[in-house]
Amino acid sequence: MKKNAIIILMICFCLTLSAQHKFSISGTIPSQYKGVDIILSSQNNAFTSISAKEKNGKFYLSGEITDSYEPAYLDVQKDNKHLGGSFLFIGPKDMKIQIVKLNEKDNLNDFKFSNVPFVKEKKEYERLTKPSVDSAKAAFNIYYDAKSKHLPLSKQDSLWTIVSGLREKVLIKRIKFVESYPDAYISLYLFNKDVIKGNHPISPERLNSIYNKLSNNLKETYLGKSVDKYIQKQLSLTVGHILPNFSFSTDKGQHFEVPLSFKNKKLILLCFWSKGCAPCIRKIPTLKILNEKYESKGLQLISISTDPTADIWLNSLNKYQMPWLQTCDLPAYVQGDKIQNILDVTSFPQYFLIDGTGKLVYQNTELNDDEDLTMLQKLLESQLQ
């Protein structure tokens, strides 16, 4: 009898846990939107889209989520035409949404939420970051226009410096919000979406520091564990760690494995670049000086182009004449995963200096080296006498 009671309690406990992940949305919509379809879609593919038809000015949606909360989009359509919608978080509760007015542009929609998670926090985040985001976008558009018109590289560099500075301000405000709400799931979501996956580089150490300020409850969520796994991978790609091995073919048809093919070299400098990267092009003369000075002393340069086609890359090689090993991160030259994916290269130029064992001893963005790569030059001078 006692054993049966324990089993019943366990079943009830499991059912309770399952119920915690169920949600429902009761909604109303004005009469002019008669017959519309209301579709709820997960932003993380956490659940299959749910839809309901308007009936007497009302609609009802219900489903189940796998995490504590899920980002979603509520879309209103008529005959498969988008009328308007809203981003929101759904949680394990009964929520209410009053649709007052619709417009194809989200910021002109009028939704009233009741018992919907993080509505106030979402508004605060937009208030805090939107002005800086708009300024950064405007500056980037000017930079892109200058790049499209092939203005001098010096002009492009100056504009990019402005863009980078504005993006750093955006990043600071985003981080401030995350650290101000360490217990809110929206902070974890925005940390992943706008900080980790944002368009301004941030060091793994800085990411880890921000992550560690979040609550333990957030860290135990599926998203929290996923974010931690990503950060730990980034930390493994920092100075002092052994980088993953990879192989490549050159424009001359040679095949190499890094670091196995370079046992006779003391140091290997991996240079990620592309034709469209103005700072990359400007550093080529510096790389030529380093190659001339240190090649005979044990330095091997390897340039890895991220150009979209081999023709673009090969034309660039003819133009810039770099007398060291050259490869392009395309299937014809790299088998398996791209090198930039293996080393998680997301900004350019990036330079990785490794020793004969594959251990990273220098990385320009991690060490915040200057435009002239002064730290790299001092390191080479000290290690390649």
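FYI, the numbering just counts along the sequence from 1. Since this is a predicted model, take the numbers as computed values, not measurements. Values below: every heavy atom of this structure, side chains too, minus hydrogens, waters and symmetry copies.
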If only atom types and distance count, is the side chain of [X] paired as donor or acceptor with the main-chain N or O of [Y] below 3.5 Å?
{"X": "Asp67", "Y": "Leu223", "result": "yes"}
{"X": "Thr374", "Y": "Asp370", "result": "no"}
{"X": "Ser164", "Y": "Thr161", "result": "no"}
{"X": "Asp355", "Y": "Lys359", "result": "yes"}
{"X": "Thr250", "Y": "Gln254", "result": "yes"}
{"X": "Asp307", "Y": "Ser274", "result": "no"}
{"X": "Thr306", "Y": "Trp273", "result": "yes"}
{"X": "Asp344", "Y": "Gln234", "result": "no"}
{"X": "Glu70", "Y": "Ser42", "result": "no"}
{"X": "Gln363", "Y": "Leu360", "result": "no"}

Any chain of hydrophobic side-chain contacts (each under 4.5 Å) joining [X] to [Y]?
{"X": "Ile39", "Y": "Tyr33", "result": "no"}
{"X": "Val361", "Y": "Leu260", "result": "no"}
{"X": "Val195", "Y": "Val170", "result": "no"}
{"X": "Ile312", "Y": "Ile304", "result": "no"}
{"X": "Ile175", "Y": "Leu235", "result": "yes"}

Applying side-chain hydrogen bond (donor to acceptor under 3.5 Å, both in side chains) as the test, list every pair that has at least one member in residues 209-221; sequence neighbours left out.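 Listed by first then second residue: Glu179-Lys213.
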Would you indicate whether the side-chain heavy atoms of [Y] and [X] approach each other to under 4.5 Å?
{"X": "Phe262", "Y": "Ile302", "value": "yes"}
{"X": "Ile25", "Y": "Ser62", "value": "no"}
{"X": "Leu376", "Y": "Asn364", "value": "no"}
{"X": "Ile354", "Y": "Val258", "value": "yes"}
{"X": "Leu214", "Y": "Val178", "value": "yes"}
{"X": "Met322", "Y": "Ile284", "value": "yes"}
{"X": "Met95", "Y": "Phe23", "value": "yes"}
{"X": "Leu379", "Y": "Leu353", "value": "yes"}

May I ask you to check whether over 12 heavy atoms, not counting those of [X], lie within 6.0 Å of atom [atom1]?
{"X": "Lys265", "atom1": "NZ", "result": "yes"}
{"X": "Tyr144", "atom1": "OH", "result": "no"}
{"X": "Asn56", "atom1": "CG", "result": "no"}

Report, one line per pair, each donor and acceptor closer than 3.5 Å where one atom sits in a side chain of residues 330-342; sequence neighbours left out.
from, atom 1, to, atom 2, distance (Å)
Asp337, OD1, Asn341, ND2, 3.1

Taking only residues two or more places apart in sequence, or in another chain, which ones meet [X] in a salt bridge (Lys or Arg N to Asp or Glu O under 4.0 Å)?
{"X": "Lys120", "result": "none"}
{"X": "Lys123", "result": "none"}
{"X": "Lys293", "result": "Glu381"}

In Å and rounded to the nearest 0.5 Å, what is the [atom1] to [atom2] distance from [X] to [Y]?
{"X": "Leu373", "Y": "Leu367", "atom1": "CG", "atom2": "CG", "result": "11.0 Å"}
{"X": "Leu270", "Y": "Leu243", "atom1": "CG", "atom2": "CG", "result": "7.5 Å"}
{"X": "Ser86", "Y": "Leu102", "atom1": "OG", "atom2": "CG", "result": "10.0 Å"}
{"X": "Thr28", "Y": "Ile97", "atom1": "OG1", "atom2": "CD1", "result": "9.5 Å"}
{"X": "Trp313", "Y": "Lys275", "atom1": "CH2", "atom2": "NZ", "result": "14.5 Å"}

Donor on one side chain, acceptor on other, Ser132 and Lys173, under 3.5 Å: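 Note: Ser132 and Lys173 side chains meet the donor-acceptor criterion.
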Please, which pairs that meet disulfide (SG to SG under 2.5 Å) have at least one residue in residues 278-308, sequence neighbours excluded?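 Qualifying pairs, neighbours excluded: Cys277-Cys280.
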ILVMFWY cluster membership beyond Ile242 - transitive side-chain contacts under 4.5 angstrom: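 Result for Ile242 is none, singleton.
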Connecting only ILVMFWY residues whose side-chain heavy atoms lie within less than 4.5 Å of each other, what is the rest of Ile172's hydrophobic cluster?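 Listed partners: none, Ile172 stands alone.
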For Gln350 and Ser347, run side chain to side chain donor-acceptor pair (under 3.5 Å): C-alpha distance rounded to whole Å, both residues' side-chain angles, the deciding distance at 0.1 Å, then the answer. CA-CA 7 Å; Gln350 277 204 40; Ser347 61; 3.3 Å; yes
Using residues 180-191 as the side-chain source, report each donor-acceptor pair under 3.5 Å to any protein atom, sequence neighbours left out, with the distance given to one decimal.
from, atom 1, to, atom 2, distance (Å)
Ser180, OG, Lys176, O, 2.7
Tyr185, OH, Tyr69, O, 3.4
Ser187, OG, Tyr181, O, 2.6

Hey, are Glu121 and Arg127 close enough for a salt bridge, meaning a charged N less than 4.0 Å from a carboxylate O?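 Looking at Arg127 together with Glu121, the answer is no, because their closest N to O distance does not fall below 4.0 Å.
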Tell me the closest heavy-atom pair linking Ala278 and Gln156, and the distance in Å.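 Here Ala278 and Gln156 meet closest at CB-OE1, 4.1 Å.
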Within residues 335-375 or reaching into it, pairs that qualify as ring pair (Phe, Tyr, Trp, His ring centres under 6.0 Å) - sequence neighbours excluded: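 For residues 335-375: Phe272-Phe352.
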What class does the angle between the rings of Phe89 and Phe87 fall in, given that below 30° is parallel, 30 to 60° is tilted and above 60° is perpendicular?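 Perpendicular: the ring planes of Phe89 and Phe87 meet at over 60°.
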Salt bridge (Lys or Arg N to Asp or Glu O under 4.0 Å): pairs with one or both residues in residues 34-60, sequence neighbours excluded: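 Passing the test, one end in residues 34-60: Asp37-Lys53.
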According to side chain to side chain contact (heavy atoms under 4.5 Å, CB included), who are the partners of Leu384, at least two apart in sequence or on a separate chain?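 Only Lys266, Leu267, Tyr294, Lys297, Leu299, Leu380 meet the side chain to side chain contact (heavy atoms under 4.5 Å, CB included) criterion with Leu384.
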Tell me, with the steps shown, if Gln98 and Val100 meet side-chain contact (heavy atoms from CB on, under 4.5 Å). CA-CA 6 Å; Gln98 179 187 0; Val100 180; 4.1 Å; yes
Test side chain to side chain donor-acceptor pair (under 3.5 Å) applied to Asp94 and Ser26, Ser114, Ser24, the passing residue: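 Passing option: Ser24.
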